Amino acid sequence: MARFIDELKRTHGCGALRDTNVGDEVVLFGWVHSRRDHGELIFIDLRDRDGITQVVFDPSVDGNPFAIGDQARGEWVLGIRGRVRSRGGNVNDKLATGRIEVLALEATVFNRAETPVFSIEDDIDTSEEKRLEHRYLDLRRPKLQRSLMTRSRIYHHTRSHFHDHGFVEVETPIFVKYTPGGARNFLVPARLNPGSFYALAESPQLFKQLLMVSGFDRYIQIVKCFRDEDLRGDRQPEFTQIDVEMSFVCQDDIFGIIEKLVVRLWKELLGVDLAERYPGGVFPRMQFDESMRRFGNDKPDMRFGLEHVDLTELVIEHSGGGIAMLTPIAEKFRSGAYRRDLPEEIVKAIRIPAAQAAGMSRTEIDRLEAFVKQMGAKGLARAKVGPESTGFEWQQSPMGKTATKEFVAAANAACGAVEGDLLLFQFGPEAMVHTVMANLRLHLGKKFGLIPQVGARSATHETGDWNFLWVVEPPLFERGDEGKGWVAAHHPFTRPHDQSLGHLETDPGKVLCYRYDLVLNGVELGGGSIRLHDPDVQKRVFEVLGIGQEQAQEKFGFLLQALRSGAPPHGGIALGLDRLAMLLTESESLRDVIAFPKTGKGADLMTGAPAGVTAEQLAELKVRSLV
RNA sequence: GGGGUGGUAGUUAAGUUGGUUAUAACGCCGGCCUGUCACGCCGGAGGCCGCGGGUUCAAGUCCCGUCCACCCCGCCA
């Protein structure tokens with residue numbers, strides 16, 4: 001073995017050799033991907049992160065390497081010295097190296113391998129559980145290797161981009177003081193201070209603002225963040241953000257630097273010129289309000305239609321349109337119990353065009369109803385639009401029996417409905433209707449094949465299916481639990497719009513702010529805000545939130561003091577690097593772009609974390625377990 | 001916290017109204033094979049049917065509980 005490695009150095013990766021190398025003597029190191037034994041001739045596909053090369057073992061050339069080829073099994077680690085030769089007519093078009101092969105002249109076994117629990121190939125159909133238990137094997141798969149290498153290039157281009165633009169990279173603490181509000185923190189007992197705890201930072205938010213106060217002007221950090229919340233396919237308890245903050249900037253300045261980063265990443269990693277679709281590399285913007293109205297959420301996937309139609313005004317106008325379930329809602333608006341500019345309950349519809357509606361059975365629509373009930377819907381009202389001769393009446397619909405002709409006509413017009421179309425309705429509390437209808441729209445989009453599937457990359461690039469959008473100007477405040485009081489929709493240091501300042505005391509729900517989210521194909525890539533650096537306005541915001549001077553001091557004292565010590569106007573943004581990597585590699589899950597991810601319960605199936613600790617360890621920390 | 005789907009050889013799956021020896025493919029082991037590349041041919045081994053309880057003459061199958069994974073709501077930027 002010493003001869004390999006010490007004397008025989010690797011000359012090529014397993015994906016490197018071509019026609020032009022024929023005749024060269026090479027040294028390859030790699031894993032046995034597959035082995036084909038013809039008795040007096042053995043082929044081994046040798047694999048490393050670079051690719052696959054066919055190695056031939058021929059006893060008539062040399063019996064020693066042949067003996068190794070004969071013993072070798074899947075995933076053994078081999079070293080090969082050999083000569084590149086042409087395959088002649090036996091070309092394999094599936095391999096980049098398929099025109100050549102390496103005739104083994106000398107070979108060594110670095111390591112034998114137990115039979116792997118699953119085969120190391122792309123598109124293997126192995127449960128995620130097994131893959132996570134044997135992650136080191138899973139990570140040998142070419143797709144995951146490519147994804148992690150792409151991720152590495154994201155780090156590189158991101159750092160390079162920001163350094164080119166004069167940003168300073170600063171590390172901020174991971175162990176921080178717990179601050180209430182926002183995401184739940186992980187806690188770490190402080191042994192040197194019994195009874196006290198650190199929190200793991202959910203983001204470097206406060207520190208990056210302090211860095212602006214210190215005069216660093218332009219800050220960048222690629223940073224791990226920690227949130228102890230329930231997980232999803234696109235959420236991990238520890239995740240990575242590209243964290244940015246800038247001084248003396250407005251919203252457009254932030255957008256500009258991020259757009260340039262994104263354009264660069266797409267160019268460098270995918271060879272896609274986003275400027276072709278977005279002239280000047282400027283992404284479109286949409287008001288938060290419009291996004292909610294048309295799509296029901298703040299991260300619209302605009303690659304397909306099926307937009308929402310808000311029928312609330314029509315329902316009010318027609319006093320419920322003769323439909324029993326809608327009449328009480330209309331009445332509440334009429335009586336003034338509900339506000340029309342900030343409605344408590346709304347009525348929305350989605351129109352399914354006749355072409356798709358024709359293929360939907362009663363059972364299928366019932367399944368849709370079950371789907372929306374999972375999300376808090378009481379049911380799923382529906383109506384099939386009849387022929388023109390009937391005045392496009394609503395058929396196969398309980399509502400159709402009592403609805404007034406005028407209301408049906410007006411609703412059809414609003415939806416653009418014609419004969420054969422299917423209308424699906426949802427009404428009730430605004431948040432529920434939005435959630436239900438947003439998810440229903442996505443569900444239908446997938447069902448009807450309107451959303452390009454992952455993996456159809458080459459096709460979608462040409463048709464421009466990288467759909468970027470800035471969602472801007474959301475409200476600063478949301479109603480608190482059970483509609484009582486107001487809470488900050490983002491965080492309380494977001495700057496309100498100047499035009500909104502007048503509403504601050506009188507009508508907080510109407511205050512908009514300089515907050516923004518970058519959305520790509522229905523995925524929230526990141527978000528940020530222009531911060532509030534004016535102590536007077538800050539005080540008024542706290543008052544709306546019911547936070548008194550003392551309380552503010554207690555919670556955010558050091559930041560408030562810093563903001564009074566010469567704070568420049570500033571703002572920033574954080575992009576989810578994992579999600580970015582997921583989209584750039586067209587992976588289906590965040591877990592596929594994180595080397596060692598955790599399950600939905602936050603477990604690492606390979607190491608067994610989290611795990612219990614001894615009573616002694618707890619005692620040293622002065623912590624007692626209740627379990 | 002709530003809802004859904006799933007758990008059967010190493011892996012992926014099938015398994016009928018509950019019935020005798022639990023199937024298949026791939027992988028693995030042995031043998032044969034000089035142009036394969038999803039190599040081929042012959043033979044073989046391999047199972048706490050997630051775990052615990054119950055019903056029954058009899059449970060992979062029915063019932064209850066529980067654990068794990070994935071998806072969705074709540075939660076979370």
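Lettering follows sequence order; numbering is per chain, from 1. Small disclaimer: the values here were computed from a predicted structure and weren't measured.
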note: A/Asp604, atom CG; B/A69, atom P; distance rounded to Å ~ 11 Å
Starting at CZ of A/Arg47 and ending at C1' of B/C37, how long is that distance when rounded to a whole Å?
15 Å
Within the structure shown, what part of the strands sits under 4.0 Å from A/Glu75 by heavy-atom distance: base, sugar-phosphate, or nothing?
nothing
With sugar-phosphate meaning primed atoms plus P, OP1 and OP2, does A/Gly233 contact a base, only sugar-phosphate, or nothing at under 4.0 Å between heavy atoms?
sugar-phosphate
B/C73 P sits how many Å from A/Met375 CE, rounded?
7 Å
Which part of the nucleic acid, if any, lies within reach of A/Arg235 when heavy atoms closer than 4.0 Å are counted: base, sugar-phosphate only, or nothing?
base
Report which part of the nucleic acid A/Arg591 touches: base, sugar-phosphate, or nothing (heavy-atom distance under 4.0 Å, all strands).
sugar-phosphate
What's the closest nucleotide to the A/Phe43 side chain, out of B/U36, B/G30, B/C75?
B/U36
Looking at every strand, decide which applies to A/Ser127 at a 4.0 Å heavy-atom threshold: base, sugar-phosphate, or nothing.
sugar-phosphate
Answer yes or no as to whether B/U11 has its base stacked against A/Phe118, where stacking requires a ring-centre separation under 5.5 angstrom and planes under 30 degrees apart.
no
Does any N or O donor sit under 3.5 Å from an N or O acceptor when you compare the side chain of A/Asp37 with the base of B/C33?
yes
Per nearest nucleotide of RNA chain B, the residue lying toward the 5' end, A/Glu202 or A/Val91, is A/Val91
Starting the side chain at C-beta, find the nucleotide from B/U11, B/A77, B/C73 nearest to A/Arg515.
B/A77
Under the criteria of a ring-centre distance below 5.5 Å and an interplanar angle below 30°, is A/His38 stacked with the base of B/U36?
no
Examine distances only and state if a side-chain atom of A/Arg227 and a backbone atom of A/Glu202 form a donor-acceptor pair shorter than 3.5 Å.
yes
Contact class for A/Lys373 vs. all strands (heavy atom < 4.0 Å): base, sugar-phosphate, or nothing?
nothing
Can you check whether A/His308 reaches A/Arg293 side chain to side chain, under 4.5 Å on heavy atoms?
no
A/Asp45 side chain, from C-beta outward: closest of B/C37, B/U12, B/C73
B/C37
Measure CG/A/Leu137 against C1'/B/G10 and give the value in whole Å, please.
12 Å
Could you tell me whether the side chain of A/Arg35 has a donor or acceptor atom within less than 3.5 Å of a complementary atom in the base of B/C37?
no
Return the value, rounded to whole Å, for the distance between atom CZ of A/Arg73 and atom P of B/G10.
20 Å
Would you say the side chain of A/Arg232 and the base of B/G74 hold a donor-acceptor pair, judged only by whether the two atoms sit under 3.5 Å apart?
yes
Exactly one candidate in A/Val55, A/Asp70, A/Asp45 meets side-chain contact (heavy atoms from CB on, under 4.5 Å) with A/Arg35; the answer is A/Asp70
Shortest side-chain distance from A/Asp230, nucleotide among B/C33, B/G27, B/G74
B/G74
Is A/His490 stacked on the base of B/A77, meaning ring centres closer than 5.5 Å and planes within 30 degrees of each other?
yes
Compute the ring centroids of A/Phe556 and A/Phe493, then answer whether they are less than 6.0 Å apart.
yes
Whether A/Arg36 contacts B/U36 is assessed here as follows: a side-chain N or O lying under 4.0 Å from the phosphate OP1 or OP2. Is that the case?
no
Per the atom types in the model, does the base of B/G4 pair as donor or acceptor with the side chain of A/Arg367 at under 3.5 Å?
no
Whole angstrom is fine here: how far is it from CD in A/Gln71 over to P in B/G30?
11 Å
Contacts of A/Gly600 and A/Pro116 projected onto RNA chain B by closest heavy atom; the upstream (5') one is A/Pro116
Mind checking the P distance from B/U23 to B/C32? Whole angstroms is fine.
30 Å
Could you tell me the separation between the CD1 atom of A/Ile258 and the P atom of B/A77, rounded to a whole number of Å?
19 Å
What verdict does the side chain to side chain contact (heavy atoms under 4.5 Å, CB included) test give for A/Phe255 and A/Leu518, after you've listed the backbone C-alpha separation in whole Å, the side-chain angles of each residue and the deciding distance to 0.1 Å?
CA-CA 9 Å; A/Phe255 288 8; A/Leu518 180 58; over 6 Å; no
Hydrogens and angles aside, do A/Thr240 and A/Arg151 bring a side-chain donor and acceptor to less than 3.5 Å of each other?
yes
Side chain of A/Glu101 only, heavy atoms from C-beta on: which candidate in B/C39, B/U36, B/C70 is closest?
B/U36
Nucleotide nearest A/Gln374 when distance is taken to its side chain, options B/C76, B/G35, B/G3:
B/G3
Considering only the P atoms, how many Å lie between B/G65 and B/G46, rounded to the nearest integer?
38 Å
One pair to check against salt bridge (Lys or Arg N to Asp or Glu O under 4.0 Å): A/Asp301 and A/Lys446. What are the steps and the verdict?
CA-CA 11 Å; A/Asp301 188 337; A/Lys446 282 178 202 142; over 6 Å; no
At 4.0 Å (heavy atoms only), tell me whether A/Gly576 reaches a base, stays on the sugar-phosphate, or touches nothing.
nothing
What distance, rounded to whole Å, do you find between the two C1' atoms, one in B/A25 and one in B/C71?
28 Å
Which of these nucleotides, B/C70, B/C72, B/U34, is closest to any side-chain atom of A/Asn439?
B/C72
If you measure only the distance, is there a donor-acceptor pair under 3.5 Å linking the side chains of A/Asp243 and A/Tyr219?
yes
Considering only atom P, compute the distance from B/U36 to B/C49 and round it to an integer number of Å.
44 Å
Between B/C76, B/G35, B/G27, which one does the side chain of A/Gln54 approach most closely?
B/G35
Taking the minimum atom-to-atom distance to the side chain of A/Thr435, which one of B/A69, B/C73, B/C37 wins?
B/C73
Regarding the side chain of A/Asn90, the nearest nucleotide among B/C68, B/C76, B/G35 is B/G35
Per the atom types in the model, does the base of B/A69 pair as donor or acceptor with the side chain of A/Arg131 at under 3.5 Å?
no
